[in-house]
Amino acid sequence: MPFEYDASASYLVTALQFSHTVVPSVVQRPTFWLFFLLHLAVFSAFQMGYLQSALEDHSMWFIDWKIISVITSMTTFFEVFYTNNVFSRYVRLYTWTRQIIGALPNFAFDMRIHAGDTNQPMVRLACRYFIASTFLFFYSLNGEISEPEWTNLTRNKLIFPEEVEVLSKFEKQHVSAIVLHWAGRVVRETVLQVKAPNNIIKGLIDRLVRARENEQVIQDTLRLPMPFQYFHLLNMMVVVNLLLWAYGMGVTHSIFAPVGFFFAELIFCGMMELAGQMSDPFGYDEVDFPLHHWLANALWDASVILEYDYDIGKGGFHEMAKVFPPLDHTTIPIITEVLVTKGSLEGGSPTVTGTPTTDREAYSGTPRAETPLLSVEETN
C-alpha cells in the first residue's frame with residue numbers, strides 16, 4: 001500500500017527515512033553486499049600498497065575515469081528510460097483500476113434511479129453481480145482464487161454457495177466475465193420489466209462493457225512487460241558499471257571512497273528495485289495499490305446508494321420544488337475558506353461484514369428496508 005508522506009518535511013528528515021522506502025529491499029539482496037565487499041577488498045589492497053601502480057598512467061592497473069564515465073552515462077540513460085516507462089505503465093494501470101472500481105457506485109446510482117422504486121430486488125441483484133465480478137477479477141490477477149477469497153465473497157452476500165458451485169466448473173480467467181454477464185442479463189430483464197426506454201438498457205450495459213474492456217487492458221498490459229532483451233542489457237550495464245566503480249573508487253587514498261561507493265550503488269540498485277516493484281502493482285509491496293481499501297470503499301458507497309431510506313421527495317420532488325426559494329443571482333455569494341485536510345481525504349476505512357440475517361429472500365422480493373445488500377462498519 002502506498003505510504004503517505006509529508007512533502008513539506010525537511011530534506012534531512014526525508015533522506016534519513018528507512019522504513020517505507022526501497023532501501024530495505026536493496027540491502028537484503030546478496031549481490032548488493034557482494035559488490036560492496038569487492039570494493040572494500042580493492043580499497044584495502046590499495047591502502048596496504050598492493051595496487052599503488054594503479055595511480056600511474058602507464059600501468060596496466062590504471063583506469064581512466066573517462067572510460068568509466070562513458071559506461072555510467074549509458075547506464076544512467078537506459079535506467080532512467082526504463083524507470084520512466086515502468087512508471088507510465090504504473091499510472092495507466094492505476095487509471096484503469098480506478099475506473100473499474102469507480103464504476104460500481106455509479107452503476108448502483110443509475111440502477112436505483114431507473115428501477116429502484118419498482119423493482120429494488122432486481123436492482124440489488126444486478127449490483128451484487130457487478131460487484132462480485134469486480135472482486136473476482138482482482139482476485140484472479142495473483143493466481144487461482146483462493147478458498148479465503150471465496151469465503152470473503154460468500155460472507156458478504158456477494159456470492160452464494162450455489163453460484164460458487166457453478167463457477168467452480170470454469171477456468172479462473174472466465175469466472176469474472178461470467179458473473180459480469182449475469183449482471184448484464186439481470187439489467188436487461190429489470191429494465192424491460194419497468195418499461196424504461198431502450199437507451200437505458202444501452203447505457204447500463206455500456207458501463208458493464210467498459211469495465212470488461214478495462215479488465216482486459218489490465219490483463220494485456222501485465223502480460224506485456226519490458227522486453228527481456230532490454231532488461232538483460234540494462235542489468236548487464238548496471239553490473240559492469242558497479243564493477244568499474246568498485247575498482248575505480250577503490251584505488252584512492254580518500255577514506256570517504258567506501259561511503260561514496262555505498263550510496264552510488266544504493267541509488268543505482270534502488271532505482272532498479274523500485275522499477276521492479278512498480279511493474280506489477282497488484283501485490284504486497286509498498287508501492288502496490290491498496291485494492292482492499294478501494295474495493296471496500298466502493299462496496300460501501302454502492303450499498304449506501306442502494307439501501308438508504310429517504311422521506312424528502314419520496315412522493316415526488318415537485319412538491320419540494322415549490323417550497324424552496326430561487327437562488328440569489330444579484331450578489332456574489334459569500335463562501336468561507338475551503339481547507340482540504342489530510343483527515344478529510346482519508347476518511348474512515350470500512351470493514352465490510354456480512355448481513356446479520358441469513359434470509360435468502362434478500363434477492364427475491366423482500367422489501368429493501370428489511371434486507372439490505374450489505375452492512376458496513378467504519379473503523380478509524
Side-chain angles (χ1 to χ4, degrees), residues 1-44 72 75-94 97 138 141-143 146 148 222 225-226 228 230-246 249-250 255-295 342 345-346 349:
M1 178 177 177
F3 174 67
E4 294 185 7
Y5 60 91
D6 183 7
S8 62
S10 69
Y11 303 140
L12 182 61
V13 171
T14 304
L16 294 178
Q17 178 81 27
F18 183 79
S19 60
H20 305 292
T21 69
V22 76
V23 176
S25 300
V26 174
V27 297
Q28 288 176 4
R29 288 185 174 267
T31 51
F32 175 84
W33 296 107
L34 178 63
F35 284 113
F36 187 64
L37 289 175
L38 176 62
H39 167 74
L40 291 180
V42 174
F43 181 75
S44 299
T72 301
T75 306
T76 303
F77 172 80
F78 277 88
E79 188 168 352
V80 170
F81 176 82
Y82 172 68
T83 306
N84 182 66
N85 181 277
V86 170
F87 181 71
S88 299
R89 182 172 179 266
Y90 179 85
V91 173
R92 292 196 301 272
L93 288 170
Y94 169 85
T97 301
F138 288 112
L141 288 179
N142 286 323
S146 65
L222 291 175
M226 182 70 73
F228 175 74
Y230 184 97
F231 186 69
H232 171 260
L233 285 174
L234 179 58
N235 278 267
M236 187 170 61
M237 285 190 291
V238 170
V239 168
V240 172
N241 193 80
L242 292 177
L243 287 173
L244 293 175
W245 279 359
M249 294 184 183
I255 196 175
F256 296 105
V259 178
F261 176 81
F262 179 88
F263 284 104
E265 182 189 11
L266 182 65
I267 292 171
F268 252 53
C269 294
M271 291 292 287
M272 292 292 293
E273 186 72 25
L274 180 60
Q277 293 180 5
M278 289 192 299
S279 63
D280 185 1
F282 300 102
Y284 303 99
D285 294 323
E286 288 280 356
V287 299
D288 288 340
F289 299 153
L291 280 176
H292 56 297
H293 287 306
W294 292 351
L295 289 170
K342 182 178 180 181
L345 288 176
E346 291 176 347
S349 298

Stepwise side chain to side chain contact (heavy atoms under 4.5 Å, CB included) test for F78 and F81: CA-CA 5 Å; F78 277 88; F81 176 82; 5.6 Å; no

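- For CD1 of I255, the number of neighbouring non-hydrogen atoms (other residues, nucleotides, ligands) closer than 6.0 Å is 12 at most.
- Residues A275 and T83 share a closest heavy-atom pair of CB-OG1, 4.2 Å.
- For CZ of R92, the number of neighbouring non-hydrogen atoms (other residues, nucleotides, ligands) closer than 6.0 Å is greater than 12.
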CA sep, side-chain torsions, deciding dist, call: V239, T31, side chain to side chain contact (heavy atoms under 4.5 Å, CB included): CA-CA 10 Å; V239 168; T31 51; over 6 Å; no

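- Annotation: the span from S25 atom OG to M272 atom CE amounts to 14.0 Å, rounded to 0.5 Å.
- Between E265 and W245, the closest heavy-atom pair is N-CZ3, 4.3 Å.
- To the nearest 0.5 Å, atom OG1 of residue T97 and atom CG of residue L295 are 9.5 Å apart.
- Closest approach of P281 and L93 over heavy atoms only: CD-CD1, 3.6 Å.
- A 4.5 Å side-chain heavy-atom check between V86 and L274 finds every atom pair outside the cut-off.
- In this structure, W294 and Y94 have perpendicular ring planes: the angle between them is above 60°, well past the 30° mark.
- The 12-atom threshold is exceeded at CZ of F262, counting heavy atoms of other residues, nucleotides or ligands nearer than 6.0 Å.
- Side-chain contact annotation: Q277 with S279, donor-acceptor N/O pair under 3.5 Å absent.
- The distance from atom CG of L234 to atom CE of M271, rounded to the nearest 0.5 Å, is 10.5 Å.
- When all heavy atoms of V27 and W33 are compared, the closest pair comes out as O-NE1, 2.6 Å.
- Here OG1 of T72 is found 11.0 Å from CD of E79. Values are rounded to the nearest 0.5 Å.
- Atom CG of L244 is separated from atom CE of M249 by 10.5 Å, given to the nearest 0.5 angstrom.
- Considering every non-hydrogen atom in both V26 and G270, the closest pair reads CG2-CA, 3.6 Å.
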Residue pair L222, R89: steps toward the side chain to side chain contact (heavy atoms under 4.5 Å, CB included) verdict: CA-CA 9 Å; L222 291 175; R89 182 172 179 266; 4.1 Å; yes

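- Of all heavy-atom pairs between L242 and F261, the closest is O-CE1, 3.7 Å.
- Between the side chain of Y82 and the backbone N or O of M226, no donor-acceptor pair lies under 3.5 Å.
- With a 6.0 Å radius and a threshold of 12 heavy atoms from other residues, nucleotides or ligands, Y230 has its OH atom above the threshold.
- Remark: aromatic rings of F36 and F43 are distant, center separation not under 6.0 Å.
- With values rounded to the nearest 0.5 angstrom, F32 atom CZ is found 10.0 Å from L37 atom CG.
- N235 places a side-chain N or O within donor-acceptor distance of the main-chain N or O of F231, the cut-off being under 3.5 Å.
- Using a distance-only test at 3.5 Å, with no hydrogens or angles considered, no donor-acceptor pair links the side chain of N241 to the main chain of M237.
- A 6.0 Å sphere centred on CZ of F18 holds more than 12 heavy atoms belonging to other residues, nucleotides or ligands.
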